[in-house]
Amino acid sequence: MTLLVTGGAGFIGSNFVLDWFGQSDEQIVNLDALTYAGNLHNLDALRGDARHVFVQGDIGDRALVDRLLAEYRPRAIVNFAAESHVDRSIHGPGEFMRTNVLGTFALLEAARGYWGALEANAKSAFRFLHVSTDEVYGSLAPGAPAFTETHPYEPNSPYSASKAASDHLVRAWHHTYGLPVLTTNCSNNYGPYHFPEKLIPLMIVNALAGKPLPVYGDGMQVRDWLYVGDHCSAIRTVLAKGKVGETYNVGGWNEKPNIEIVRTVCTLLDELRPSAEGSYARLISYVKDRPGHDRRYAIDARKIERELGWRPAETFDTGIRKTVQWYLDHADWVAGVQSGGYRDWVARNYAAR
Ligand code: NAD
Ligand code: DAU
């Protein structure tokens with residue numbers, strides 16, 4: 001038995017692959033284009049492990065995907081591959097349309113061709129699991145009920161619009177062609193291997209380097225944080241038990257304003273790696289807001305709990321402590337991802353703020 005995982009060298013994908021082999025010996029073929037966000041060092045623990053086959057390539061490369069499907073005959077595809085950073089989508093939306101929309105389209109077409117030709121048992125067991133985001137639902141007013149699976153799609157950024165488009169394609173391929181799809185819409189993840197362009201790892205690496213901690217706007221935007229290991233277990237659960245054609249919201253029941261997250265990171269660093277110059281909170285710096293910044297996301301994750309029995313294992317306190325400790329213990333990984341390309345991005349995103 002084999003899974004085809006796409007984007008498995010990125011943050012969540014690599015956590016998923018590592019986590020999978022902690023539970024199963026089933027082979028994974030990992031298709032990843034190795035964009036700036038993909039990093040094979042995340043998978044160093046699997047060097048020489050025959051259960052993991054890495055293929056560098058694009059989900060939009062139909063000939064390559066057809067070849068991989070024909071050769072490895074996977075029982076499922078788990079699609080993590082995407083451009084994932086909202087700020088980058090504001091600076092340059094083109095790649096988001098290419099990978100998230102057209103790439104998903106190409107992958108769906110390849111999956112449809114492969115699945116359509118399977119014999120009856122394999123055909124009914126096959127799954128296409130699409131990993132999506134809560135951002136497709138748009139922004140919530142303070143006090144409004146959390147997003148359920150029936151919340152209208154109201155994406156506000158080029159990133160979330162491209163993810164919404166991909167979700168609609170996945171839905172349509174099920175309704176029109178019968179492709180056995182599952183979609184998960186997850187809230188903000190954090191944990192090991194998180195690329196330091198995103199809030200939590202950026203704050204950790206900037207603080208350790210004595211650099212400003214750039215908080216957009218008033219810092220009162222709310223996100224619902226989920227430890228990445230819990231996202232991995234949710235995906236495994238949906239893959240195993242999810243009902244074909246359904247969507248499942250995945251969240252951590254951890255709504256917090258950004259400034260509270262940043263202060264928590266500072267407090268943990270003060271404890272674990274005290275600075276001679278005083279609390280890291282002295283580095284907090286309010287900067288110009290993100291254009292079109294969504295004010296609040298909150299996930300109602302009762303459906304996946306009620307129907308599939310999944311709940312997150314980590315609290316925010318346990319997850320964030322593990323995360324900060326991981327960054328302290330993996331200075332080499334952090335140094336490795338802060339390439340010239342990374343420094344160019346930081347200059348581009350923060351210079352005019
Ligand atoms: P990431 O940016 O860290 O990783 C994306 C991976 O996809 C990288 O390894 C990259 O090389 C690869 N990739 C990009 N374009 C590709 C292409 N055309 N073909 C093949 N591979 C390609 O992203 P992430 O944070 O790990 O997110 C993974 C998925 O989960 C995405 O679909 C994202 O929308 C979704 N998601 C992320 C979060 C979060 O908080 N990070 C929350 C909910 C959902
Ligand atoms: O909600 C799920 C989404 O979470 C995923 O679909 C995306 O792939 C993922 O990147 C994430 O999107 P966000 O935009 O919420 O994540 P980010 O870490 O970029 O920002 C989190 C919040 O912190 C957001 O309100 C913007 C703010 N922020 C971010 C950065 C990078 C800052 O205040 N300062 C910063 O420097």
Side-chain angles (χ1 to χ4, degrees), residues 5-16 30-40 42-43 55-61 64-65 78-90 95-96 98-100 102-104 106-107 130-137 139 147 155 157 159-160 162-163 166-167 184-191 193-203 206 212-226 228 231 235 250-251 256-259 261-262 284-290 293-299 345-346 349-350 353:
V5 168
T6 72
F11 163 46
I12 304 173
S14 61
N15 274 283
F16 178 82
N30 183 351
L31 172 64
D32 194 297
L34 294 182
T35 68
Y36 79 93
N39 185 352
L40 278 181
N42 299 4
L43 301 163
V55 179
Q56 182 172 0
D58 195 315
I59 57 166
D61 181 344
L64 172 63
V65 176
V78 183
N79 182 31
F80 292 97
E83 289 292 332
S84 69
H85 190 31
V86 173
D87 292 320
R88 286 188 193 252
S89 81
I90 295 167
E95 273 307 291
F96 289 72
R98 202 185 65 74
T99 286
N100 301 2
L102 296 177
T104 304
L107 194 64
H130 180 60
V131 180
S132 191
T133 169
D134 59 359
E135 300 204 9
V136 297
Y137 298 126
S139 188
F147 300 129
S157 72
Y159 163 69
S160 54
S162 69
K163 289 297 290 188
S166 68
D167 293 7
T184 54
N185 292 89
C186 188
S187 62
N188 284 63
N189 286 216
Y190 67 100
Y193 305 112
H194 204 182
F195 194 75
E197 63 185 355
K198 308 281 171 65
L199 181 73
I200 289 178
L202 181 90
M203 295 299 155
N206 276 18
L213 308 181
V215 174
Y216 295 167
D218 63 2
M220 290 307 291
Q221 302 82 9
V222 171
R223 298 291 182 267
D224 176 357
W225 294 93
L226 180 72
V228 65
H231 191 186
I235 291 171
V250 183
K256 292 189 190 300
N258 293 337
I259 188 63
I261 299 290
V262 177
I284 291 174
S285 158
Y286 288 89
V287 299
K288 195 168 155 212
D289 210 349
R290 171 187 277 175
H293 200 170
D294 285 337
R295 196 68 183 164
R296 175 176 167 239
Y297 305 141
I299 277 279
W345 161 253
V346 169
N349 192 41
Y350 295 97
R353 286 203 139 97

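The figures that follow rest on heavy atoms only: side chains count, while hydrogens, waters and symmetry mates do not. Remember, it's a predicted structure, so these values are computed and weren't measured experimentally. Counting convention: from 1, in listed order, for ligands and their atoms alike.
Using modelled atom types, one finds no donor on one side chain facing an acceptor on the other under 3.5 Å when comparing Thr104 with His130. Between the side chains of Tyr159 and Glu83, no donor N or O sits under 3.5 Å from an acceptor N or O. Looking at Thr6 and Asn79, their side chains do bring a donor and an acceptor atom within 3.5 Å of each other. In summary, the side chains of Asp167 and Asn185 do present a donor paired with an acceptor at a separation below 3.5 Å, with no hydrogens or angles considered.
Closest heavy-atom approach to atom 34 (O) of ligand 1 among the candidates Tyr159, Phe80, Tyr193: Tyr159. Compare Arg223, Met203, Gln221, Arg290 by their heavy atoms: the one nearest to atom 17 (P) of ligand 2 is in Arg290. Of the candidates Gly191, Ala82, Ser84, it is Ala82 that places a heavy atom closest to atom 5 (C) of ligand 1. Checking Tyr137, Phe11, Tyr159 against atom 5 (C) of ligand 2, the nearest heavy atom belongs to Tyr159. Checking Asn30, Thr133, Ile12 against atom 37 (C) of ligand 1, the nearest heavy atom belongs to Ile12. For the residues Val228, Thr104, Asp32, the heavy atom positioned nearest atom 9 (O) of ligand 1 is part of Asp32.
Close approach to Leu34 involves these atoms of ligand 1, each under 4.0 Å from a residue heavy atom: 11 (O). Listed by number with element, the atoms of ligand 1 under 4.0 Å from a non-hydrogen atom of Gly57 are 19 (N), 20 (C). Below 4.0 Å from some heavy atom of Val131 lie the following atoms of ligand 1, by number and element: 30 (O), 32 (O). For ligand 2, the atoms lying closer than 4.0 Å to a non-hydrogen atom of Pro214 are 32 (C), 33 (O), 34 (N), 35 (C), 36 (O). Close approach to His85 involves these atoms of ligand 2, each under 4.0 Å from a residue heavy atom: 19 (O). Counting the atoms of ligand 1 from 1 in the order shown, those under 4.0 Å from a heavy atom of Ala81 are 7 (O), 20 (C), 21 (N), 22 (C). When each atom of ligand 1 is checked for a heavy atom of Gly38 under 4.0 Å away, the hits are 8 (C), 9 (O), 11 (O). For ligand 2, the atoms lying closer than 4.0 Å to a non-hydrogen atom of Glu197 are 31 (C). Each of the following atoms of ligand 1 lies closer than 4.0 Å to a heavy atom of Thr35: 10 (C), 11 (O), 14 (C), 15 (N). For ligand 1, the atoms sitting less than 4.0 Å from at least one non-hydrogen atom of Asn188 are 40 (O), numbered in the order shown with element in parentheses. Applying the 4.0 Å criterion to heavy atoms of Val215 picks out, from ligand 2, the atoms 33 (O). Near Lys163, meaning under 4.0 Å from one of its heavy atoms, ligand 1 places the atoms 31 (C), 32 (O), 33 (C), 34 (O). Residue contact check: Tyr350 has heavy atoms under 4.0 Å from atoms 30 (C), 31 (C), 35 (C), 36 (O) of ligand 2.
Here the closest non-hydrogen pair linking Ile59 and Ala81 is CG2-CB, 3.8 Å. Closest non-hydrogen pair, Glu135 versus Val86, comes out as OE1-CG2, 3.3 Å. Across every non-hydrogen atom of Lys163 and Ser166, the tightest pair is O-OG, 2.7 Å.
The single protein non-hydrogen atom nearest to atom 13 (P) of ligand 2 is Glu135 OE2, 3.4 Å, given as residue, atom name and distance. The closest protein non-hydrogen atom to atom 1 (O) of ligand 2 is Asp134 OD1, 2.5 Å. In this structure, atom 43 (C) of ligand 1 lies nearest to the protein heavy atom Cys186 O, 3.3 Å. Of the protein's non-hydrogen atoms, Asn188 ND2, 3.4 Å is the one closest to atom 11 (C) of ligand 2. Protein heavy atom nearest atom 42 (C) of ligand 1, with residue, atom name and distance: Ser187 O, 3.3 Å. The closest protein non-hydrogen atom to atom 40 (O) of ligand 1 is Asn189 N, 2.9 Å. Of all protein heavy atoms, the one lying nearest to atom 27 (C) of ligand 2 is Asn258 ND2, 3.4 Å. With respect to atom 3 (O) of ligand 1, the closest heavy atom belonging to the protein is Phe11 N, 3.0 Å. Nearest non-hydrogen protein atom to atom 4 (O) of ligand 1 is Gly10 CA, 3.4 Å. In terms of protein heavy atoms, atom 21 (N) of ligand 1 is closest to Ala33 N, 3.0 Å. In terms of protein heavy-atom proximity, atom 7 (C) of ligand 2 is nearest to Ser84 O, 3.4 Å. The single protein non-hydrogen atom nearest to atom 29 (C) of ligand 2 is Tyr216 CE1, 3.6 Å, given as residue, atom name and distance. If you check which protein heavy atom lies closest to atom 26 (C) of ligand 2, you get His293 NE2, 3.4 Å. Protein heavy atom closest to atom 19 (N) of ligand 1, with residue, atom name and distance, is Ile59 N, 3.0 Å. Ranking protein heavy atoms by distance to atom 18 (O) of ligand 2, first place goes to Leu199 N, 2.8 Å.
Using a 4.5 Å heavy-atom cutoff, the side chains of Arg290 and Asp294 are not in contact. Residues Asn188 and Tyr297 have side chains in contact (heavy-atom distance under 4.5 Å, counting atoms from C-beta outward). Contact of the Gln221 side chain with the Ser139 side chain is not registered, since no non-hydrogen atoms from C-beta on lie closer than 4.5 Å. Using a 4.5 Å cut-off on side-chain heavy atoms (C-beta onward), Pro196 and Val346 make no contact. Looking at Ile200 and Trp225, their side chains come closer than 4.5 Å, going by heavy atoms from C-beta outward. Between Arg98 and Asp58, the closest side-chain pair of non-hydrogen atoms falls below 4.5 Å. For the pair Val250/Ile235, no side-chain contact is recorded, criterion being any heavy-atom separation below 4.5 Å from C-beta on.
Using a 4.0 Å heavy-atom cutoff, Lys163 is absent from the residues neighbouring ligand 2. Contact annotation: Gly8 has no heavy atom less than 4.0 Å from any atom of ligand 1. Not a single heavy atom of Thr6 sits closer than 4.0 Å to an atom of ligand 1. Residue contacts with ligand 1 leave out Gly103, since none of its heavy atoms falls under 4.0 Å from the ligand.
Ligand 2 has no nitrogen or oxygen under 3.5 angstrom from a nitrogen or oxygen of Trp225.
At a heavy-atom cutoff of 4.0 Å, ligand 2 is contacted by the side chain of Leu202 but not by its backbone. By the criterion of a heavy-atom distance under 4.0 Å, the backbone of Ser132, and not its side chain, is placed next to ligand 1.
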Val262 and Leu199: CA distance, side-chain angles, deciding distance, side-chain contact (heavy atoms from CB on, under 4.5 Å) verdict
CA-CA 8 Å; Val262 177; Leu199 181 73; 4.3 Å; yes

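Arg88 and Glu197 are joined by a salt bridge, as a carboxylate oxygen and a charged side-chain nitrogen come within less than 4.0 angstrom of each other. Checked for salt-bridge contact, Asp218 and Arg295 meet the test: a charged N lies under 4.0 Å from a carboxylate O.
No option in Tyr350, Trp345, Tyr216 other than Tyr216 meets the side chain to side chain donor-acceptor pair (under 3.5 Å) test with Asp87.
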